[in-house]
Every structure is written in C-alpha cells, then in structure tokens.
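Below: the structure, in structure tokens.
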Amino acid sequence: MADTMRAAAAPAPVPGWGADSSASAYTVDGAFGELLRDLHMLTGAEAMLTTSDEPETVRWLLALSARHSEAAMTRARLLLAQMAREGEG
C-alpha cells in the first residue's frame with residue numbers, strides 16, 4: 001500500500017509554475033483538481049498514520065503530509081487570488 005501511495009504522490013507541477021495552462025483552473029485537470037488530489041493524499045496519509053507503528057513509515061508519512069499540505073496551501077492561495085482577479089474584472 002505504501003508503494004501505491006508513493007507512486008500517487010509523485011510531485012505534480014504547481015499551477016502557474018509549469019502546469020497545463022490550457023485547462024481551466026476550476027476543472028479536475030486544472031488547479032482545483034490538483035488541490036483536490038493533494039487533499040485526497042492528506043486524507044490517505046491520515047488514515048495510514050492512525051494505523052502505522054513503524055518509525056520509518058511514520059517519518060515517510062509525515063514528509064508526505066508536509067509536501068502535500070504545502071502544495072495544497074499554495075494551490076488554494078493561487079485559486080483565491082485568481083478568483084479575486086476575476087471578481088474585480
């Protein structure tokens with residue numbers, strides 16, 4: 001199961017920094033979808049942290065959580081900024 005989580009957790013481009021700009025930000029292919037994937041990874045990491053007792057696995061899950069929480073924060077802020085710009089226009 002950890003191998004599946006590692007494969008799914010492969011780094012994805014942050015919106016605005018190499019992501020596919022042709023996709024709308026609010027689709028599952030855009031920044032919103034990437035945000036949802038980060039949140040999904042955090043949910044999975046939470047579930048695994050509640051059952052894991054191996055220090056190496058716990059360290060890996062904490063690193064995974066840190067990476068995806070930072071990515072989710074960045075994506076959420078970018079989406080909020082984009083929504084604010086669209087609201088002004």
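Values below: all heavy atoms of this structure, side chains included; hydrogens, waters and symmetry mates excluded. We count residues from 1, following the sequence as given.
- Residues satisfying the side chain to side chain contact (heavy atoms under 4.5 Å, CB included) criterion with R59, sequence neighbours excluded, are P55, E56.
- Hydrophobic clustering of Ile, Leu, Val, Met, Phe, Trp and Tyr side chains at less than 4.5 Å, counting indirect connections, unites F32 with M83.
- Not counting sequence neighbours, the partners of L49 by the side chain to side chain contact (heavy atoms under 4.5 Å, CB included) test are V58, L61, L62, S65.
- Within the model, atoms CE of M73 and CG of L78 stand 10.0 Å from one another, a figure rounded to the nearest 0.5 Å.
- Counting all heavy atoms, side chain and backbone alike, L64 lies closest to A45 at CD2-CB, 4.0 Å.
- Expressed to the nearest 0.5 Å, how far CG of L79 lies from CD of E34 amounts to 9.0 Å.
- Annotation: the span from M48 atom CE to W60 atom CH2 amounts to 6.0 Å, rounded to 0.5 Å.
- In this structure, T43 contributes its side chain and L39 its backbone to a donor-acceptor pair below 3.5 Å.
- The two residues A72 and L35 have their closest heavy-atom pair at O-CD1, 3.5 Å.
- Rounding to the nearest 0.5 Å gives a distance of 8.5 Å between CZ of R75 and NE2 of H68.
- Distance CD/E70 to CG/D38: 11.0 Å, rounded to 0.5 Å.
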